[in-house]
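Working notes, beginning with the structure itself.
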There are 2 protein chains.
Amino acid sequence: MGRQPSSKPTSFDIAYLAGVSQPTVSRALRGSRSVSLATRQRIEAIARELNYSVDKNASSLRSQRSNTIALLFFEDRTPDESNINPFFLAMLGSITRQCGARGLDLLISFQKMEDDWHVRYQDSHRADGLILLGYGDYTLYARRLTELVDHGTHFVRWGSAGEDTIGPTVGSDNVGAGRLAGEHLLSLGRRRIAFLGQADEHYPEFADRYTGLCQAMAASGIAPDPALQVDALTAEDAGHAAARTLIARGAPFDAIFAASDLIAIGAMRALAEAGLSIPGDVAIIGFDDIPAASLTTPPLTTIMQDMKGAGELLIDTLVAQVEDRPLPPCTLGTRLVVRRSTAGWGQG
Amino acid sequence: MGRQPSSKPTSFDIAYLAGVSQPTVSRALRGSRSVSLATRQRIEAIARELNYSVDKNASSLRSQRSNTIALLFFEDRTPDESNINPFFLAMLGSITRQCGARGLDLLISFQKMEDDWHVRYQDSHRADGLILLGYGDYTLYARRLTELVDHGTHFVRWGSAGEDTIGPTVGSDNVGAGRLAGEHLLSLGRRRIAFLGQADEHYPEFADRYTGLCQAMAASGIAPDPALQVDALTAEDAGHAAARTLIARGAPFDAIFAASDLIAIGAMRALAEAGLSIPGDVAIIGFDDIPAASLTTPPLTTIMQDMKGAGELLIDTLVAQVEDRPLPPCTLGTRLVVRRSTAGWGQG
DNA sequence: GGCCATAAGGCATACGTATACGCATATATG
DNA sequence: CATATATGCGTATACGTATGCCTTATGGCC
């Protein structure tokens, strides 16, 4: 032992040693009921002894099932390289673990919108299905999704699970989360709540969050003020710029709901530059709970998404898709994480 | 077009349409020189038209080469879930891109040290080789590495590329980086430099960084003070605890070199709690340049590793290994990123 | 004892590609 | 003009597994 065998053992080797045929080995190792317990145990013992492992390529070729999923991150317009949204990296952890738990292999790849990722994976039998992750202009994205659907590709995407969504979509309850954020700020006595983030149909997730905020405000009898909404995509710079715009507009505000933590962090920088104190002058709440959120000064209150649930639900939905028994759409709950950026005056 | 074909086209379909045999199709698409230009172009045109793509499983099975690499993160003792070292996530970006550029598929997986990951991938022909990423006790790790080597598994790991390292290893020049950090602090006039991080053989990378610091100090005629070195693994909590220990010891210090940014961030929190100003009382420098490093107050000076180079070198080394032409070991340079946590008094 | 159901496993084959050979035809060489 | 050489391609087969179908043994039942 320890030395390298001349060649990897095959199911034929096991069969010979066990005194059975190769198909019986295959059946035994896959747990078919038509192999007697005694035979199966004998085969398993021999397989273990020879350090046998099923050849994935042969298995996938024959069964036409790879038990592999491809995870595609894609970046709308990558300003530089290596800048991956930290939120999606957190998701990666969840998905990876979920795949591990189910014995699925996970391929990952970063794509640009323009690439022909819709062909590469399923057609070549690399993967049984795709998981699509990425913020980006939904209207651009949609064309690709339609192609995927037409092509019969199995996929799930993370996003806003509205009615007009294309293909199976899993996402957080963004409207509910927006309400949560709004109610929290309102409960602190804030009344002039600004929203930093795109609020149009190009970015449905952000739009939903804004909708939730407006609902919460409406419930308290407050009408949303358009002057308090500033567009921003999810990046620190964008948040900084948006907050500056907001300040420049001159409309008074005592709270900010940022559509992502990165936007919030940029906004905090702008507020500090403007001499505004947090949470004294302005309370601020972000979205995503990225690792950096607890490291800011003050630490950032935010909305945490259900990462664990996300991985499970994505994989559930995808596997169902592959097995041709589509699952009904479903959204995930969110949780408020209160930190000092929205602390009441007594709690700082 | 747009409708779903009854079944995916195979190389036989292409062959039939092109009036050649299947092997000729295979040769043409792989660019073999023994197919005439005219024939090849005809075949390529038909393949494109049918949206043909080579079946990965059949191809890998026949050629015994999967053109796939498995990336294994592993966590020594995972306190909870979902906490991945951000540094390794940055590495992921680099590796992914590099794989994409070379047409390699990338499998990823999180492992516990105890699992039998040494068997799962190469033996089953899922991947041609492994990339191992993870901080952890090297002495524990080493046993696994030895098994891999004995087993004839192709792999590269990220780590300290010393002489006694097991298997092909790629890493930063940690000694040089430590020197860089030390020289920077010395150039600011700091003389009592503390090091937060393990400095024993269990964590060779950290030990190398400490060695580099000591070299820089020695070059300035300063002897290292054991009272100024405190063990810490790479986590924010550990950094916090280590800094408290350092302060409690009472030995004066005017600078800290933390073995990782997470340690540094924890230490900054402890310094703030102790009423010490940064960089006024204590200059602090981290290691890794994780995204959060630029978001701390003040922003953290740190050592940036060559991520792009890391991906390239890892893959180069691994592919060479697979092709049985081992590459000589090699280390990567690092760069100092100066931010305000070590700013001179005039620059802050 | 004949008949049918069930269990256990063998036989043949298919999955789709890549490659070692062999066989023509065309070109060069003496 | 006969023999070496290269070019371009077809023939046959291997890669290792999974599965439909068939055979045999066994037991139950009337």
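Every chain is numbered from 1, with letters handed out A, B, ... down the list of sequences.
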Any side-chain heavy-atom pair of B:R65 and B:E323 under 4.5 Å: yes
task: Compute the angle between the rotation axes at the two ends of the helix from C:dG1-D:dC30 to C:dT27-D:dA4, each taken over five pairs, rounded to 10 degrees.
output: 50°
message: Minimum heavy-atom separation for B:S172 and B:Q305, please, with both atom names.
response: OG-OE1, 2.6 Å
query: To the nearest 0.5 Å, how far apart are OG1 in B:T96 and CG in A:L107?
result: 11.0 Å
field: With A:T169 via side-chain hydrogen bond (donor to acceptor under 3.5 Å, both in side chains) - residues at least two apart
entry: A:R157, A:T165
- prompt: Quick one: do the A:T39 and A:Q41 side chains pair a donor with an acceptor below 3.5 Å?
  reply: no
- request: Determine whether B:S60 and B:N67 make a side-chain contact, defined as any pair of heavy atoms from C-beta on separated by less than 4.5 Å.
  value: no
query: Looking at residues at least two apart in the chain, or sitting in another chain, which of them share a side-chain hydrogen bond (donor to acceptor under 3.5 Å, both in side chains) with B:R27?
result: none
B:E49 atom CD, over 12 foreign heavy atoms within 6.0 Å: no
task: Go through the side-chain N and O atoms of A:D128 and A:S66 and say whether any donor and acceptor fall under 3.5 Å apart.
output: yes
- request: Tell me which of B:F12 and A:V20 sits closer to the 5' end of DNA chain C, going by the nucleotide each one is nearest to.
  value: A:V20
task: Looking at every strand, decide which applies to B:Q22 at a 4.0 Å heavy-atom threshold: base, sugar-phosphate, or nothing.
output: base
Salt bridge (charged side-chain N to carboxylate O under 4.0 Å, His left out) involving A:D55 - partner list, sequence neighbours excluded: none
message: What range of DNA chain D does chain B touch, first nucleotide to last, counting atoms under 4.0 Å from its heavy atoms?
response: D:dG8 to D:dG16
- line: Heavy-atom nearest nucleotide on DNA chain D taken for B:G19 and for A:T10; more 5' hit belongs to B:G19
message: For B:R33, I'd like to know if atom CZ has over 12 heavy atoms of other residues, nucleotides or ligands within 6.0 Å.
response: no
statement: Atom CD of A:Q64 and atom C1' of C:dT13 are separated, to the nearest Å, by 14 Å
query: When the distance from OH of A:Y16 to P of C:dG10 is rounded to whole Å, what number comes out?
result: 15 Å
Selection: residues 24-48 of chain B, any non-hydrogen atom under 4.0 Å of DNA chain C: B:S26, B:R27, B:R30
